[in-house]
Amino acid sequence: MKLGFVGIGALSSAIVTGLKSLPGEATPVVVSPRNEDIAAELAARYPDVRIAADNQAVLDQCDRVMLAVRPQIARDVLKELRFREDHHVVSLIATVSREEIAALVAPAGRVTKALPMPMIARLEGATIVCPSDRETAAFFSRLGKVIEVDDQNEFDVLTVVTATYASYFKYLDTIHGWVRGEGVSSDKARDYITSIFKALANAPDTTPDADFMHLSQDYATRGGINEQVLRELTERGLFDAFAESLGRVHRRIAGT
Ligand SMILES: NC(=O)c1ccc[n+]([C@@H]2O[C@H](COP(=O)([O-])OP(=O)(O)OC[C@H]3O[C@@H](n4cnc5c(N)ncnc54)[C@H](OP(=O)(O)O)[C@@H]3O)[C@@H](O)[C@H]2O)c1
């Protein structure tokens, strides 16, 4: 397999970094010349990463190509390119449907959507693959977890999960800010919060039969301080507002 990237920005660079961190990994990779600095850095770091003269040269030199330009320019970039029937196209472009990509990359016969996350650089996180595709799943499973789905709606719904990261950190920042406000040093507060939330993040793996609400109830001892915060936030409609926001993101992603 010779792997190509059209668009070598934050996400492609994370994939190449994760891939090349695997022991004995020698897949030849050819990347587009943009972004110039990222392409140059990857080519300098890894002997089997080469920079193509242009996007068409990427396609001409590889059999599997990952599309990773921003959605806003994807149509203009793709319509300039000549794909081959034997190209396996993996689109990472978040908000353009597989059907639309398939039409733009014809006659390429095999088109898969994948949604990796930047933490793939550290071999962490999960990639959604749609529709199920043995080779794409095998590729990404070396770099983290893979969730395969065959249904576009299921793909869109899972994509909504990725809209919650900023709020997650805002949640941690709220705790951090409050603790600091009460006079605890920033470093000490950060260390404590980080350690505790790392341990909490392991709970679903250590108790695989417990759903999230069950885990929440385990901590919400009747009359205790966890129950108090959960009740007060619930009464103020925080979680309902959060769920409503997820619904709006879903409608935006699905274009409905
Ligand atoms: N980052 C994420 O967390 C994430 C997660 C899931 C999916 N995605 C999807 O992945 C895709 C890439 O995202 P990203 O975060 O990596 O964006 P990005 O960092 O902006 O990377 C896109 C790259 O495309 C390059 N580019 C611009 N015009 C080009 C052209 N005509 N031909 C080839 N390359 C060109 C840009 O180069 P210049 O810098 O020179 O303009 C830029 O480096 C997007 O479609 C996004 O929806 C991203």
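Counting starts at 1 for both ligands and their atoms, in listed order. The residues of the chain are indexed from 1 along the displayed sequence.
Put simply, the side chain of Lys20 never gets that close to the backbone of Val49: no donor and acceptor are under 3.5 Å apart.
Taking each heavy atom of Val29 and Leu19 in turn, the nearest pair found is CG2-CD2, 4.2 Å. Counting all heavy atoms, side chain and backbone alike, Pro204 lies closest to Phe212 at CG-CE2, 3.7 Å. In plain terms, the two heavy atoms of Glu135 and His88 that are nearest each other are OE1-ND1, 4.5 Å.
In this structure Glu227 satisfies the salt bridge (charged side-chain N to carboxylate O under 4.0 Å, His left out) test with no other residue, sequence neighbours excluded.
For ligand 1, the 4.0 Å heavy-atom shell takes in Gly7, Ile8, Gly9, Ala10, Leu11, Arg34, Asn35, Asn55, Ala68, Val69, Arg70, Pro71, Ile73, Val77, Leu92, Ile93, Ala94, Leu115, Pro116, Met117, Pro118, ordered by chain and residue number.
Phe155 and Val96 sit in two unconnected hydrophobic clusters of ILVMFWY residues. Membership requires side-chain heavy atoms under 4.5 Å apart, directly or through other members.
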